[in-house]
Novice: 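Sharing a structure below in C-alpha cells format, with a few things to ask.
Nothing here was measured: the structure is a model prediction, and the numbers come from that model. Chain letters run A, B, ... following the sequence lines, proteins first and then strands; every chain starts at 1.
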Number of protein chains: 2
Amino acid sequence: MVQIPKTSAPTSPAPHSVPTSADVARLAGVSRATVSYVLNNTSAVRISEPTRRRVHQAAKELGYVPHAAARSLRAGHSRMVLMPAPDVPVGPLYSQFFNELQWALSRLDYTVVQYGSVGLQGDEAARAWAELRPVAVLVPGSGLGTEGVAVLKRSGARAVVTLGPDRVEGAHALIMDHHEVGRSAGAHLRARGYRRVGVVVPEDPGLEIFSKPRFEGVRQALSGTDASVTEVSLAYDEEAASQLAARWRSLGLDAVFAYNDEYAMLLMRALQDEGIGIPGDTAVIGADDLMLGRLLRPRLSTVHIDLPSGRELAELVDRAVREPGAPPEAHEVLGATVVHRESS
Amino acid sequence: MVQIPKTSAPTSPAPHSVPTSADVARLAGVSRATVSYVLNNTSAVRISEPTRRRVHQAAKELGYVPHAAARSLRAGHSRMVLMPAPDVPVGPLYSQFFNELQWALSRLDYTVVQYGSVGLQGDEAARAWAELRPVAVLVPGSGLGTEGVAVLKRSGARAVVTLGPDRVEGAHALIMDHHEVGRSAGAHLRARGYRRVGVVVPEDPGLEIFSKPRFEGVRQALSGTDASVTEVSLAYDEEAASQLAARWRSLGLDAVFAYNDEYAMLLMRALQDEGIGIPGDTAVIGADDLMLGRLLRPRLSTVHIDLPSGRELAELVDRAVREPGAPPEAHEVLGATVVHRESS
DNA sequence: TTGAAAGCGCTACCAC
DNA sequence: GTGGTAGCGCTTTCAA
C-alpha cells in the first residue's frame, strides 16, 4: 500500500525522492524493461495481463510520473513546439490565433510551450531556445536572424517558422506584412476623397514592428496622388489624446488612420470632446475590427485583419517536421480588408 | 575549421547530427570534463587560459548548445517554473501581471514556461506538467485539485501555487476572490440609492469562474436590504445586447453591474440606442478599470482591481522553492475599489 | 514472456 | 590543471 495514509494531512514533509520506473519495477516485482513496455503499451511485445495489472497498480500506488527529459534524451528527440512568449500585451486576435494553434498542434500530438524570454536578445535568445531541443520553433516578430535560425537547426529543430514582416534565410515564413493594413486604409481614404491624411503612430516602442509598416503602407497608397501623409505620434493615455486634439485643427487633416481600433477610440473621443465632427471635420479609420468599433458612435470604420488559422500553421509545422529537407515555404498570410462604417 | 563554408547557402541538407560536448572536446583536443568546466565557469577548478580559449573556440565553431534535458537530468533538478497557458483570451490586466512575473522570475534566475494544456482535464493535466519536472508550478484558475497538487509535489515540484478563488490543500495560494468585486459594486450601488439591481452574467462558460462570484458578491452586498438582485444573461455580441435592451424596461432595473467594462460598453450602447438614459433611467457600473471606460460617455464607473505584483509572486515562489518544508502560505491578493465616474 | 545491459548528453567526484 | 568515469531516468536491442 501507499505509505501516506489517506486520512492524514497530505503535507508530508518526508524528503521521499521522486519515484522512478525502477521503483515501480521493484514494487511490481518485474524488471524496468517490463515497466516500460507496459506503461507505453509497446505493441512489439506481449506482456501477460496479470503482469500488466501489477505494473499499473504499482505505478499508481507510487504516483509514478515518467520523466520527460530522460525520455527525450533517450529517444533523441521530443515533440515540443516552442514559441517565445510575446513580451507586449497582445490583443484578442493573437490570443485566439494562438489558442487555435495550440489546439491544432495538440491534435497532431505536439506539445506547445511558450518560453518566456524577457531580456534575451536575438541570437542569445535563440541559443536559450535551442537548449530545450524543441522539434519546432515558432517565432513571432522580427527578433530572429539568419544566425539564430542556424543555431536552432544545428541543435536539431526540424522546423523553424517565423511569423513576422520578413523572411529569414533558412526558415519557413508566415509573412505578416502590416504594410497591407496601411495600404488598405490609405486606399479607402483616398477613394473617399480625403486629401490630408494623418497616421497615428503609437509612442510605445514595442509596437513599432506594427506601426511602422502600417504607416508606410498609407504612404504607399497615397504616393503619386496629391494627398499628403502626416505622422502623428500618440501615447495611449487620455492626457496625450486631449493635447493632440487641442492642436488638431492646426494640423489641417481631413482624415486619420488611427493605427488600430483602440487608438481610434481614444482619438475619436478626444476629437469629439474638442468639438471636431467625425467624419465631417475629420474622418477616422481604425484597424483590427474589434467589437468596440461597432459600439462607437459614429460606428468606426476599420481594417479587418485575416490571420492564418491556427490549423494551417499547425499543418505547416507538421509538414516541415516530417520533411525537414524540404525548402522553406513562405506564405503571405495577412489579409486586410476595409470594413466601411460611419466614421469615414 | 567548421565544415560548412561560410559563403555557401546555409541550407545545408546534410544530416549532420547535433554537436555534443564530446564533439567540442574532440575538436579542442581536451576531455569532456574540461569542456564542462570551461563552459560552466566552474570555480572549483582552474583551467589554463590557452585551454579555455581552445574550448570556447571549438564550441563556437561547432555551434555547440548544451542540452538542457541532459543537464537537468544529471543535476536532478531544473529551474523551470511552469505555468499552464490560460485557455481563455485574457485581458491586459493579466498580460501585464504575467509579464511582470516573468521578468521578476528571470531576475531570480528561473525560466518561465507556459505549457499549453488544451484538452487536458484536472489531474491528467497535472500529470502532464509533472513530466517536465518543474521546480515550481503556478496554476491560475480552479482546475487543480488536492490530488493534482500531490502529483506535482511527489514528482519534485518544490512549490505549487494556485492563483484562483480557493485554497487547495498542500499548495500555496494567491486567493483571488472575485466576490469582492461584486461586493464593491453592490455596496456602491446601494449607497447611491439604487434598489433594483441587475447583474450581467456572460454566457461564455469559460468566464463562469469570474462571473459567478462577482454575481454572488453583489447579492451579498445587497442582502438584508430591500434591494433586489436580478441575474441578466448576455452573450458578447451586438445582437444579444440589443435584444436585451429591447426588453430592458420590462425588467424594471434602476442599476446594473455589467460584469466588466467591455460588457458594460456593449450594454450601455444598446441601452442608449434604445433611448434609455444612463444613469438617469439605469445606472451602469463595470469592472477592471480599462481605458475604454474613461472614454465612454457618460464616463463609466468601474471596479478597479488590484492584482498582486509579479514581483511579489516571484518572491513567494522563490521562498517556497528554497524552503519547501514550510507550510503553504495563503494570501488574499485581490483588491477591489470602486472608481466612481458618471454612469452611476 | 521477461530480464540484463547499453547508452542518450551532461556534470562532478576522484585520480593522476 | 586535466582526464577517466559513474550515473541521472529512460527505452530498446538482444538473450534467455
Side-chain angles (χ1 to χ4, degrees), chain A residues 17-55 58-59 62-80 127 130-135 154-156, chain B residues 17-56 58-59 62-80 130-135 154-156:
Chain A
S17 58
V18 342
T20 72
S21 78
D23 296 322
V24 176
R26 202 155 24 239
L27 182 56
V30 299
S31 74
R32 274 154 58 231
T34 306
V35 170
S36 178
Y37 293 143
V38 171
L39 295 183
N40 295 311
N41 273 317
T42 309
S43 51
V45 66
R46 301 200 56 77
I47 304 284
S48 70
E49 202 47 49
T51 305
R52 304 185 87 84
R53 241 197 270 291
R54 288 220 312 288
V55 169
L62 294 176
Y64 170 71
V65 174
H67 192 307
R71 174 179 290 176
S72 70
L73 182 59
R74 168 65 225 235
H77 61 97
S78 75
R79 295 194 56 88
M80 180 199 300
R127 222 174 327 268
E131 291 193 2
L132 298 185
R133 298 290 191 272
V135 69
R154 261 201 307 266
S155 65
Chain B
S17 58
V18 344
T20 72
S21 78
D23 296 321
V24 176
R26 206 158 16 245
L27 182 56
V30 298
S31 75
R32 275 157 54 234
T34 304
V35 170
S36 177
Y37 293 143
V38 170
L39 296 184
N40 295 309
N41 271 317
T42 308
S43 50
V45 64
R46 301 200 56 76
I47 304 285
S48 71
E49 201 48 49
T51 305
R52 304 184 87 85
R53 241 195 271 291
R54 287 221 311 288
V55 169
H56 277 127
L62 294 175
Y64 170 71
V65 174
H67 193 307
R71 174 180 290 176
S72 70
L73 182 59
R74 167 66 225 229
H77 63 254
S78 74
R79 293 193 58 88
M80 180 199 301
E131 291 194 2
L132 298 184
R133 298 289 191 274
V135 69
R154 261 200 308 266
S155 65

Novice: So which heavy atom on B:Ala70 is nearest to which on A:Leu73, and how close?
Specialist: CB-CD1, 3.9 Å
Novice: Specify the residue among B:Leu73 and B:Ala33 whose closest nucleotide of DNA chain D lies further upstream toward the 5′ end.
Specialist: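 Its nearest nucleotide being more 5', the pick is B:Ala33.
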Novice: D:dG3, C:dC10, C:dT2: which one has an atom nearest the side-chain heavy atoms of B:Ser31?
Specialist: D:dG3
Novice: Please report the distance, rounded to the nearest Å, between CG in A:Leu39 and C1' in D:dT12.
Specialist: 15 Å
Novice: Would you kindly give the CZ-to-P distance between B:Arg26 and C:dC10, to the nearest whole Å?
Specialist: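 Going from CZ in B:Arg26 over to P in C:dC10 covers 12 Å.
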Novice: Among C:dT1, D:dT2, C:dC10, find the nucleotide with the atom closest to the side chain of B:Tyr64.
Specialist: C:dC10
Novice: In whole Å, I'd like the distance from the OH atom of B:Tyr37 to the P atom of C:dC10.
Specialist: 15 Å
Novice: Rounding to a whole Å, what distance do you find between A:His77:NE2 and C:dG9:P?
Specialist: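 One finds 13 Å between P of C:dG9 and NE2 of A:His77, rounded.
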Novice: Please check if the side chain of A:Arg54 supplies one atom and the backbone of A:Ala28 the other of a donor-acceptor pair under 3.5 Å.
Specialist: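 Side chain of A:Arg54 to backbone of A:Ala28: a pair is present.
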Novice: Please determine, for the side chain of B:Arg74, which listed nucleotide (C:dC10, C:dA4, C:dT2) has the closest atom?
Specialist: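 Out of C:dC10, C:dA4, C:dT2, the nucleotide with an atom closest to B:Arg74's side chain is C:dC10.
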Novice: Side chain of A:Arg46, heavy atoms from C-beta onward: which of C:dC10, D:dC10, C:dT1 has the nearest atom to it?
Specialist: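 Nearest to the side-chain atoms of A:Arg46, counting from C-beta on, is C:dT1.
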Novice: Which nucleotide sits closest to the side chain of A:Ser36: D:dG3, C:dC10, D:dT12?
Specialist: D:dT12
Novice: How many whole angstroms separate atom CZ of A:Arg32 from atom P of C:dA5?
Specialist: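 So the CZ-P distance, A:Arg32 to C:dA5, works out to 11 Å.
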Novice: Report the distance from atom CD of B:Glu49 to atom C1' of D:dT2, rounded to the nearest whole Å.
Specialist: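 Answer to the nearest Å: 15 Å.
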Novice: Can you tell me how far the OG atom of B:Ser72 sits from the NE2 atom of A:His67, to the nearest 0.5 Å?
Specialist: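 Interatomic distance, B:Ser72 OG to A:His67 NE2, rounded to 0.5 Å: 5.5 Å.
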Novice: A:Thr51 near the nucleic acid: base, sugar-phosphate alone, or nothing, with a heavy-atom cut-off under 4.0 Å?
Specialist: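 It contacts sugar-phosphate atoms only.
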